[in-house]
Peer 1: 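Take this structure first; my questions come after.
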Amino acid sequence: MQATTEQLLWMYEKMVEIREYEETMAKVYLEAKLPPKIQKGLAFDIGAGPVPGEMHLAAGQEPVAVGVCAHLRRDDTVVGAHRPHHFAIAKDVDLNAMTAEMYGKATGLGRGKGGHMHLFDPAVKFSCSGIVGAGAPQACGAALAARKLGTDAVAIAFFGEGAANQGAFHEALNLAALWKLPVVFVVEDNKYGISVEKSASTAIASNADRAVAYGMPGVLVEKNDAVAVFEAAGEAVARARRGEGPTLIEVKTDRYYGHFQGDPETYRPKGEAKALRQHDPIPALGALLRSRDLLDDESDAALRTRVSARVQAAYDFGRNSPYPEPQDALLHVFAD
Amino acid sequence: MQATTEQLLWMYEKMVEIREYEETMAKVYLEAKLPPKIQKGLAFDIGAGPVPGEMHLAAGQEPVAVGVCAHLRRDDTVVGAHRPHHFAIAKDVDLNAMTAEMYGKATGLGRGKGGHMHLFDPAVKFSCSGIVGAGAPQACGAALAARKLGTDAVAIAFFGEGAANQGAFHEALNLAALWKLPVVFVVEDNKYGISVEKSASTAIASNADRAVAYGMPGVLVEKNDAVAVFEAAGEAVARARRGEGPTLIEVKTDRYYGHFQGDPETYRPKGEAKALRQHDPIPALGALLRSRDLLDDESDAALRTRVSARVQAAYDFGRNSPYPEPQDALLHVFAD
Amino acid sequence: MSTTTTTRRLTMAQAISEATAQEMARDPRVFVMGEDVGKYGGIFSATTGLLEQFGPERVMDTPISETGFMGAALGAAAEGLRPISELMFVDFFGVCFDQIYNHIAKNHYMSGGACKYPLVITTGIGGGYNDAAQHSQCLYSIFAHVPGLKVVVPSNAYDAKGLMTTAIRDDNPVIFLYHKGIMGLSWMSYFEGSTNEVPEAQYTIPFGEACVVREGSDVTIVTLSQMVQKSMLAADQLATEGISAEILDLRTLVPLDRAAVLASVAKTGRLLVADEDYLSYGLSGEIAALVAENLDTLRLKAPVRRLAVPDVPIPFSHPLEQFAIPQVDNIVASVRGLMTFKLD
Amino acid sequence: MSTTTTTRRLTMAQAISEATAQEMARDPRVFVMGEDVGKYGGIFSATTGLLEQFGPERVMDTPISETGFMGAALGAAAEGLRPISELMFVDFFGVCFDQIYNHIAKNHYMSGGACKYPLVITTGIGGGYNDAAQHSQCLYSIFAHVPGLKVVVPSNAYDAKGLMTTAIRDDNPVIFLYHKGIMGLSWMSYFEGSTNEVPEAQYTIPFGEACVVREGSDVTIVTLSQMVQKSMLAADQLATEGISAEILDLRTLVPLDRAAVLASVAKTGRLLVADEDYLSYGLSGEIAALVAENLDTLRLKAPVRRLAVPDVPIPFSHPLEQFAIPQVDNIVASVRGLMTFKLD
Ligand SMILES: Cc1ncc(C[n+]2csc(CCOP(=O)(O)OP(=O)(O)O)c2C)c(N)n1
Ligand SMILES: Cc1ncc(C[n+]2csc(CCOP(=O)(O)OP(=O)(O)O)c2C)c(N)n1
Ligand SMILES: [Mg+2]
Ligand SMILES: [Mg+2]
């Protein structure tokens, strides 16, 4: 399956958008979290600033999100994990409401109740979870619903290579294969589960080889490259839509930041992150586009201006939105 | 690995013992459970009689237990599941105390606290659990301990084909392979998880094929035959003892009774159980022994008399032992 | 023209499957999944007849993958379906509680109300038939402790049908816990009071309304599930001794009918909580605490008493299990004990 | 000759890792496993320095397989080892609770005392730093509700070291829950009172002994974990208003020091339970129930009050979270409220 010009340009623009989103967040997140504004003796205060709490950024992992989501419709479901921004953006989650959510604002997707690991946008069928591995069975449920409702919608479960050792992974893959559900399981192998290297957590080198255990196709995408992901995902999504069942894809990708912001990364070889950036997938796709005369300095600049406007508008929206009333904490435990 | 004469005779005798144990239990279990002794309107009363509660019998599945346990020492660990008698007997669990436990007596392995799904005999490192799949990680822990303590003991986790779709299976296999633990995982494929056929629960035909997902050897034993199991298990146990890591074995075996006693078995094709008994593994091994002049009518009869004495003594012991005092229910929540 | 009224007695199991069948007929979004819910009809017969009536696409046997199918229930509910997902024994919740309490219970809240998860988890609870420590627990306190789940614990067939219908129609996750010893199974002794008259037509019973199942003036027994039936027998016995016990069947723990508890205790001045869950940090404490919080308005004649499993796993052996699980005699003795006090 | 006494202040995280290191040095059977306990030193620094000191065979990073390694801890404990197994956040218990409560907690009982499982589960609890609904819970009530686990919830470094040493030496499964907001981490604001003087030598603190951390005469605040530190600040404020609060730090929930609660309430006549777990069906109910059960001997001046998370998931946003989790001001206000009553 070959990407159309439109798809290539869409992937490029979305990757640029994700990257800018994450780089902006890296800065915003640090606001008011460092001395001398914080408790004496602290180096950093996770609970301070306009965007408090944990923050897992996905810079470097853009190809996985865009390569898969390029094939999706609004009515396809995506379930992400604790590192969800790239998927959310690629699935066209409302950027303003998503950003407001991370600021904890009343205008946020979850009116400030969810935060960065709990983004729910039913309009585009996006959700995520802070519990490793938990999304995989949930994606099966969405796929089951599609079958029961007679649509050809598909569901994607995205998770990290660390999650592939959680029991939920196994149960979900068996269920999906057994019931021939239209799901695609996509493992982002960014080499680490927090500090633990894949080789210290996973008995085999590639999770794609685990597909055999469920009688489904397993595909390894060896390069952190949007077009490569696009091709693998295209076949998997098409297969799912045709009612032929699930696929397991693993993509070797790169995490540019720490596991979460503030991670001392002492477990990581010095300079590793820097070296990874030598193979940045965004300029790589840019170069491809240029080689095909689909991009030049001017259109690239225009695109980046457009993206910037969107991203910065979202941050402005988040920052300037009002907080919920404290007692609104009591609302929404149950639907009426 | 070829079974010695001693091993063949041991397996035969143990299978005869297991079968007699289960057939006796099937009768004892029914005592006082049928009308007119029970609540009016009931067809059966699970909570009545000398051996109340659930009862899962393993008649037909003897080859799995003896073929594996023939390779084990007292200091090797066995973790079984809710259908544990055949494993317990093959692991030389104290037959009197085990039987007394099922009668709920003070002389039982667990002083009557555990019952048939919860048999613990630390002297021979046997335990089991009523929770499907739960034993697999526990066997990994025993194997880890062996490594840490510098012994060459191994651990066996036995469970049904239904359990192989539980998350614990996946986590345990990955852990065992990752840490190269001396464990052997043995799946008893008796075709059903209660009423659900394997094809309705498992995406692939053989769980042995799931070994690939962990980079460990996977072995399918296609015949419900003690010698076949013995050979597969021999290599796996030896490999574990040599420190070369785990193996996954699946054995196709047969369940002669219902899932539990009292199971209406409406889900099972009529006559299936009867047909399975045509391939009874006990006479099959008997025939092999006879063909090698290792068994004749006389020695078979002597063996059966010996076994019967043991089994009936155990039931007598259980029946005649005293009940614990009611208030002993309060003891043993914590060790002092 | 005349209307014929026939009275039907159903077991609680029949009532639950009837409620489910009627709701499945009414609403095509409802479907059932779980282990052995199909051909077997549910180990405790809560789904008997459904496969025959609705076929395998709406009555789905699952692998033994509770995390898998509870998560799938959530995913399907998010898409507008209304799954009923059976956890065969509540004791197994530990293999899938993350899906239940971190997701099914919280996603509506975390989404700020944007997403709904209309699903029912049915599960068997309780002991008394020697199924030992991993198959005999009640555990409803744990489901009631974590926010976001409605918790239903019926004591008889009539209530079970109405509450199950309410549960299926509720837009929130509901856990519906049926005690095995009141299902009226043909293979387990059960309390007769749990099998009663059940109208054939659909009806609902609102959540959060406890039911005074026996009026009395000397003591209030706050209870639920099978313990309601035990309390009824105890009350009969107490009546012969001249002690008049009022029995309050909570029916739902979330929402909890606090007003009904307080009203009854205000009337009788004495409270016994009769519970089959573990004693500490659970239901019996919550009900007792309710009284402690209202000591400014209540006039008690005796301190509060709690009867529950005394913080031990459920033992297998018959005499041990009978000791660990509160019985009719224990209720009688506790009430007698309460009558000996004379506060103020 | 003279002995030099140096006073050392440790954070609670340092105290826990020191207790662990000293016990590992003393007893070769002790080992640690969990996610990121090695090179990272534990996400909340409970295992910092252990890998360097004891090497990877005794400090084992695990895959994200909580059921796998909790089960492995059980299996290893059965063989005589003494594992310390970290569940990174208590919130994740739902993926592995079956191993914990159906096996680790019950196997000793089900074996009639024949088998022992000496192991410690360490886990981070609590909110206050905007980690939202799946990373901010306390949940200790659930662990205390199911029988077979000892439940330890320290409030400061001194106690944490002594209790951790006791935990590792205990022949039973112990769950040791440390609140992230009192660990003294360099990246999270914390309550100063939790960092205190800790002797270098090993010592133990027995389980089941609550500690009066502040004496008072008007009201008893029964509390634990971070809420102890909040209560201390509240008591300072109340003192300026002439209200004398006694603060009882439970330290362990199983065993529970019931006598200490009753003694303090007998003295003050007023009880506030200050808790960071969910309100209903949990710890605060249990403590209130204790009072309700002893109304024949206690003379109360006010009804019991409970302060806890009001049965909502922990919301992310700062103002919402501050509202949901009881704060110093709420404690002050609740105590003031208690002082307005005059029962009898
Ligand atoms: C069940 C569970 N266990 C542990 C955690 C803590 N945790 C959060 S992210 C993470 C690492 C996840 O690694 P991976 O799946 O590879 O995703 P990545 O962070 O690399 O994107 C861990 C252990 C969790 N959230 N849930
Ligand atoms: C986690 C869990 N889920 C469900 C059950 C109920 N249950 C007990 S045995 C059983 C079937 C097990 O099938 P299998 O593993 O094939 O073993 P078999 O009974 O065939 O020996 C089920 C579903 C359980 N005990 N534990
Ligand atoms: Mg990763
Ligand atoms: Mg089976």
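Residue numbering restarts at 1 for every chain, and letters A, B, ... go by the order of the sequence lines.
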Peer 1: When heavy-atom pairs shorter than 4.5 Å are enumerated against chain C, which of B/Ile38, B/Leu331, B/Val333, B/Thr266 gives the highest number?
Peer 2: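 Top count of heavy-atom pairs under 4.5 Å with chain C: B/Val333.
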Peer 1: For the residue pair C/Lys106 and C/Tyr101, would you count it as a cation-pi contact if the rule is NZ or CZ under 6.0 angstrom from the ring centre and within 45 degrees of the ring axis?
Peer 2: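 Because its charged atom sits under 6.0 Å from the ring centre and within 45° of the axis, C/Lys106 does stack over C/Tyr101.
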Peer 1: Under a 3.5 Å threshold, yes or no: a donor from one side chain and an acceptor from the other, between B/Gln61 and B/Asn190?
Peer 2: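 The answer is yes; a qualifying pair exists.
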Peer 1: Do the side-chain N and O atoms of C/Ser194 and C/Gln229 include a donor-acceptor pair separated by under 3.5 angstrom?
Peer 2: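 Side-chain D/A pair, C/Ser194 to C/Gln229: absent.
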Peer 1: How would you list, in number order, the residues of residues 45-64 of chain C that have a heavy atom less than 4.5 Å from chain B?
Peer 2: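 Only C/Asp61, C/Thr62, C/Pro63, C/Ile64 of residues 45-64 of chain C have a heavy atom under 4.5 Å from chain B.
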Peer 1: Highest number of heavy-atom pairs under 4.5 Å with chain C: which of B/Gln39, B/Lys33, B/Glu54?
Peer 2: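 Between B/Gln39, B/Lys33, B/Glu54, the count favours B/Gln39.
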Peer 1: Checking an interface table here. Which of residues 105-117 of chain B come within a heavy-atom distance under 4.5 Å of chain C?
Peer 2: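 Result: B/Arg111, B/Gly112, B/Lys113, B/Gly114, B/Gly115, B/Met117.
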Peer 1: Keeping B/Asp121 on the side-chain end and B/Asp94 on the backbone end, is there a donor-acceptor pair under 3.5 Å?
Peer 2: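 Yes, B/Asp121 side chain to B/Asp94 backbone: donor-acceptor pair under 3.5 Å.
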Peer 1: Which bit of B/Glu325 comes within less than 4.5 Å of chain C, counting heavy atoms only: side chain, backbone, both or neither?
Peer 2: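 Backbone only.
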Peer 1: Between B/Ala168, B/Ala163, B/Gly133, B/Gly162, which has the largest tally of heavy atom pairs under 4.5 Å with chain C?
Peer 2: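 Counting heavy-atom pairs under 4.5 Å, the top option is B/Gly162.
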Peer 1: Could I get the full list of side-chain contact (heavy atoms from CB on, under 4.5 Å) partners for B/Ala26, not counting sequence neighbours?
Peer 2: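 side-chain contact (heavy atoms from CB on, under 4.5 Å) list for B/Ala26, sorted by chain: B/Leu57, B/Tyr257, B/Gln261.
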Peer 1: Is the shortest side-chain N to carboxylate O distance from B/Lys252 to B/Asp189 below 4.0 Å?
Peer 2: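 Answer for the salt bridge query: yes.
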Peer 1: I'd like to verify something: which residue of B/Gly47, B/Gly41, B/Ala48, B/Ala200 has the highest number of heavy-atom pairs under 4.5 Å with chain C?
Peer 2: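 When all of B/Gly47, B/Gly41, B/Ala48, B/Ala200 are compared, B/Gly47 has the most.
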Peer 1: Between C/Phe89 and chain B, which part of the residue has a heavy atom less than 4.5 Å away: side chain, backbone, both or neither?
Peer 2: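 Side chain of C/Phe89 only, per the 4.5 Å heavy-atom cut-off to chain B.
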Peer 1: Can you tell whether the side chains of B/Arg319 and B/Glu31 come within less than 4.0 Å, N to carboxylate O?
Peer 2: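 Answer for the salt bridge query: yes.
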Peer 1: B/Ser129, B/Ala164, B/Gly262: which one forms the most heavy-atom pairs within less than 4.5 Å of chain C?
Peer 2: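 Of the candidates given, the most pairs with chain C belong to B/Ser129.
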Peer 1: Hey, which of B/Gly53, B/Pro326, B/Pro324 has the most heavy atom pairs under 4.5 Å with chain C?
Peer 2: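 Heavy-atom pair counts peak at B/Pro326.
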Peer 1: Side chain, backbone, both or neither: which part of C/Ile43 has a non-hydrogen atom closer than 4.5 Å to chain B?
Peer 2: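 Just the side chain, heavy atoms under 4.5 Å.
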Peer 1: Tell me which donor-acceptor pairs under 3.5 Å the side chains of residues 65-75 of chain C have, and how far apart each pair is, sequence neighbours excluded?
Peer 2:
residue: C/Ser65; atom: OG; partner: B/Asn165; partner atom: O; Å: 2.7
residue: C/Glu66; atom: OE1; partner: B/Gln166; partner atom: NE2; Å: 3.0
residue: C/Thr67; atom: OG1; partner: C/Val95; partner atom: O; Å: 2.6

Peer 1: If I measure from the heavy atoms of chain C, does B/Glu161 come under 4.5 Å with its side chain, its backbone, both, or neither?
Peer 2: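 No part of it gets close to chain C.
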Peer 1: What part of B/Val196 gets closer than 4.5 Å to chain C, counting heavy atoms only: side chain, backbone, both or neither?
Peer 2: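 For B/Val196, backbone and side chain are both near chain C.
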Peer 1: Measuring from C/Phe92:CZ to C/Phe97:CZ, what's the distance to the nearest 0.5 Å?
Peer 2: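 Rounded to the nearest 0.5 Å, the CZ-CZ separation comes to 16.0 Å.
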Peer 1: Would you call B/Asp263 and B/Arg268 a salt bridge, using N to O less than 4.0 angstrom?
Peer 2: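 Judged by the 4.0 Å cut-off on N to carboxylate O distance, B/Asp263 and B/Arg268 do not form a salt bridge.
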Peer 1: Quick one: are B/Glu197 and B/Tyr192 in side-chain contact, heavy atoms under 4.5 Å?
Peer 2: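 Sidechains of B/Tyr192 and B/Glu197: in contact.
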Peer 1: When only pairs under 4.5 Å are counted, which of C/Met188, C/Gln322, C/Lys39 shares the most heavy-atom pairs with chain B?
Peer 2: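 Option with the greatest count: C/Met188.
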